[in-house]
Amino acid sequence: MGDVSNLPADAGGLLRFRDDAAHDEPAVTLEAFLGQTNATAVRIEAGDDARALIPHLGQIGLVEISFPSFRDGRGYSAARILREAGYTGELRAQGDVLVDQLLYMRRCGFDSFAPEAEIDEATAQASLARYKQFYQTAADGAVPVWKLRHG
């Protein structure tokens, strides 16, 4: 799930868990993308259907998923839908992203974060390292503890 001993962060507060360069093209709305389909960065707003991107996943380098409120969990579903459909590009959670959500967002497939409020590096590291094993499968591919115990 990423090396939490050396949390990558840039000067703008973007946390990334990827080895490639950050995508610098501005993200267009889902509606604009579907109308032109030549953009390589798309922004999914709460309520947008991420499944509309599935036929275009090979051309998209960045999907930015908006979290207008930390209480709005629709972005988790959008991330998992895209990862399970085979999307390998950068998946960024943007908006009201709280430090205690980072681990769960990583499990759903997010590999970069653009929180509205700065996240302290030590606190982010602690949050990401909180649990070593999980009970359920997720987009991150971690083997559930029950399978480790019982094969």
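Everything numeric in this text was worked out from a predicted model, so none of it was measured.
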- Should Arg74 and Asp49 count as an ion pair when the cut-off is N to O under 4.0 Å? no
- Do Glu25 and Leu62 come within less than 4.5 Å of each other through their side chains, counting heavy atoms only? no
- Query: To the nearest 0.5 Å, what is the distance between OG1 (Thr123) and CG (Leu128)?
  - Reply: 11.0 Å
- Message: Tell me the closest heavy-atom pair linking Arg16 and Glu90, and the distance in Å.
- Response: NH2-OE1, 2.9 Å
- Query: Do side-chain atoms of Gln101 reach the backbone of Leu98 as a donor and acceptor pair under 3.5 angstrom?
  - Reply: yes
- Task: State the NE2-CG distance between His56 and Asn38, to the nearest 0.5 angstrom.
- Result: 11.5 Å
- Item | Polar side-chain atom of Arg80 near backbone of Arg107 as donor-acceptor pair, under 3.5 Å | no
- Approximate separation, where rounding is to 0.5 Å, of Leu82 CG and Leu57 CG: 6.0 Å
- Using a cut-off of 6.0 Å, state whether more than 12 heavy atoms not belonging to Glu31 lie near its atom CD. no
- Message: I'd like to know if the side chain of Asp96 reaches the main chain of Ser69, judged simply by a donor and an acceptor atom lying under 3.5 Å from each other, with no hydrogens or angles considered.
- Response: no
- Item | Reference residue Phe67; test ring-ring contact (aromatic ring centres under 6.0 Å, His included); the match among Phe113, Tyr104, Tyr76 | Tyr76
- Could you verify whether a donor N or O on one side chain and an acceptor N or O on the other, from Ser66 and Gln94, lie under 3.5 Å apart? no
- Task: Tell me, yes or no, whether the heavy-atom count around Glu118 atom CD, taken from other residues, nucleotides or ligands under 6.0 Å, exceeds 12.
- Result: no
- Query: Out of curiosity, Glu64 CD to His23 NE2, how far, rounded to the nearest 0.5 Å?
  - Reply: 10.5 Å
- Query: Can you find a pair of side-chain heavy atoms, one from Arg43 and one from Thr29, that are under 4.5 Å apart?
  - Reply: no
- Got a sec, which residues hit ring-ring contact (aromatic ring centres under 6.0 Å, His included) with Tyr87, two or more places apart in sequence or on another chain? none
- Query: Does the side chain of Arg130 come within less than 4.5 Å of Leu102's, by heavy atoms?
  - Reply: no
- Side-chain donor or acceptor of Ser127 paired with backbone N/O of Val99 under 3.5 Å: yes
- Message: Within this structure, what is the CZ-CD1 distance for the pair Arg92 and Ile44, rounded to the nearest 0.5 Å?
- Response: 14.0 Å
- Query: From Asp48 CG over to Ile65 CD1, what is the distance, rounded to the nearest 0.5 angstrom?
  - Reply: 10.0 Å
